[in-house]
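Read through the structure below, which is laid out as structure tokens, and then see the notes.
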Amino acid sequence: LTEYRIPYFIDEKKSLKAHPLSQFLLDCFRVVRERYSPASVQAFTQNVFFGESDEYRNYLLKFANYRGGAKRAIKTGETVAAAFDISYLENCRNKVLKATENIKARGHGRDYCRAVEKIREDFNTDELLKTLSDNVEDVAQKGYLSQIEKALDALLAEAELLTGNKELTAAEFEAILKDGLDATEISLIPLKADAVF
């Protein structure tokens, strides 16, 4: 079919864990769990949902490449000012802190669920998902990108039901979230495209 350019769809399902939004949310927890290790912050800031961050990641590698370095105030010496835009660096640092401010080392399941919802709201993930989906030509990929919102809402509601009153560490909730995302599969065929002619 591909060789003769005949369009077709395969009823394939894909785990939610591979979705860029899922990785973004899991990376928020990883940053807290690893106490702002350079590797965790680099992975988090590299995600499309964080936004443009090349210059910030270069700054971190050069001036804050140690555990907790991303939490420290941006250096404002001549060397930094000559190479980087300080206000841009401050903005990126604030985004890192905002994403992790509600993820405490220990808390109740409901607190972590609310933290995830706050991250989605603060980073305007629904709007970015729509933009990403609109820019993709492949129907299956478009369906995969656009279906996560409802699936994530259902997953968080279930997680809150099961862990709402239980005290957990951030690492334990991250593991629960990761397992839930891995077990949740999204059909790659959009509802109205599931037809063969």
Side-chain angles (χ1 to χ4, degrees), residues 9-37 39-41 43-51 95-136 138-194:
F9 298 98
I10 297 174
D11 190 11
E12 184 184 344
K13 294 188 185 302
K14 195 170 178 182
S15 168
L16 213 56
K17 187 179 167 190
H19 198 289
L21 178 55
S22 300
Q23 286 305 311
F24 182 70
L25 296 172
L26 290 171
D27 282 342
C28 290
F29 283 88
R30 180 184 169 202
V31 166
V32 173
R33 175 173 46 87
E34 294 185 6
R35 297 191 310 273
Y36 296 79
S37 71
S40 67
V41 174
F44 172 62
T45 54
Q46 232 172 324
N47 192 292
V48 67
F49 287 93
F50 185 84
K95 283 166 75 173
V96 171
L97 297 178
K98 189 160 193 66
T100 56
E101 71 182 345
N102 294 313
I103 303 174
K104 306 300 180 203
R106 291 192 71 80
H108 290 90
R110 78 171 87 66
D111 299 327
Y112 291 125
C113 290
R114 298 230 175 14
V116 170
E117 289 166 3
K118 186 85 169 74
I119 292 165
R120 288 173 64 193
E121 181 184 315
D122 290 342
F123 285 82
N124 204 8
T125 59
D126 293 349
E127 190 63 38
L128 184 53
L129 273 171
K130 187 177 181 326
T131 304
L132 288 174
S133 180
D134 290 345
N135 292 333
V136 171
D138 182 34
V139 178
Q141 189 63 22
K142 188 184 286 276
Y144 181 65
L145 285 170
S146 64
Q147 292 182 62
I148 190 172
E149 295 171 48
K150 288 180 185 169
L152 198 52
D153 288 340
L155 179 64
L156 287 173
E158 192 173 328
E160 187 168 356
L161 184 68
L162 295 172
T163 66
N165 294 321
K166 292 185 180 166
E167 191 171 325
L168 307 162
T169 63
E172 289 170 334
F173 187 82
E174 179 190 358
I176 290 168
L177 185 60
K178 189 183 293 183
D179 288 344
L181 290 166
D182 197 25
T184 305
E185 293 184 331
I186 292 179
S187 177
L188 298 188
I189 299 180
L191 294 174
K192 293 184 180 177
D194 190 3

message = Rounded at 0.5 Å granularity, tell me how far OH in Tyr112 sits from CZ in Arg106.
response = 7.5 Å

Steps toward salt bridge (charged side-chain N to carboxylate O under 4.0 Å, His left out) verdict (Glu149, Arg120) = CA-CA 10 Å; Glu149 295 171 48; Arg120 288 173 64 193; 5.4 Å; no

ask   = How many angstroms lie between atom OG1 of Thr169 and atom NZ of Lys104, to the nearest 0.5 angstrom?
value = 15.0 Å

query = If you round to the nearest 0.5 Å, how far is NZ of Lys150 from CG of Asp153?
reply = 9.5 Å

request  = Examine Lys95 relative to Phe123 and say whether NZ or CZ is less than 6.0 Å from the centre of the six-membered ring and inside a 45° cone about the ring axis.
outcome  = no

ask   = So, Ser37 side chain and Ser40 main chain: donor-acceptor pair closer than 3.5 Å or not?
value = yes

task = Specify the closest pair of heavy atoms between Pro20 and Asn47, including all atoms of both residues, with the distance to one decimal.
result = O-ND2, 3.0 Å

Ionic contact status for Glu160 with Arg114, cut-off 4.0 Å = yes

key: Test side chain to side chain contact (heavy atoms under 4.5 Å, CB included) applied to His108 and Lys166, step by step   = CA-CA 5 Å; His108 290 90; Lys166 292 185 180 166; 5.9 Å; no

request  = Would you mind telling me which of Tyr36, Phe24, Phe29, Phe49 makes a ring-ring contact (aromatic ring centres under 6.0 Å, His included) with Phe44?
outcome  = Phe24

key: Working for salt bridge (charged side-chain N to carboxylate O under 4.0 Å, His left out), residues Lys130 and Asp134   = CA-CA 6 Å; Lys130 187 177 181 326; Asp134 290 345; 3.3 Å; yes

query = Among Leu181, Thr184, Ile148, which residue meets the side chain to side chain contact (heavy atoms under 4.5 Å, CB included) test with His19?
reply = Ile148

Residues which pass salt bridge (Lys or Arg N to Asp or Glu O under 4.0 Å) with Arg30, listed by chain and number, not counting sequence neighbours = Glu34

request  = Could you pull out the closest heavy-atom pair between Asp27 and Ala43, with the gap in Å?
outcome  = OD2-O, 3.6 Å

ask   = If you draw a 6.0 Å radius around CD in Glu158, do more than 12 non-hydrogen atoms from other residues or ligands fall strictly inside?
value = no

ask   = Short question: side chain of Thr163, backbone of Ala159 - any donor-acceptor pair under 3.5 Å?
value = yes

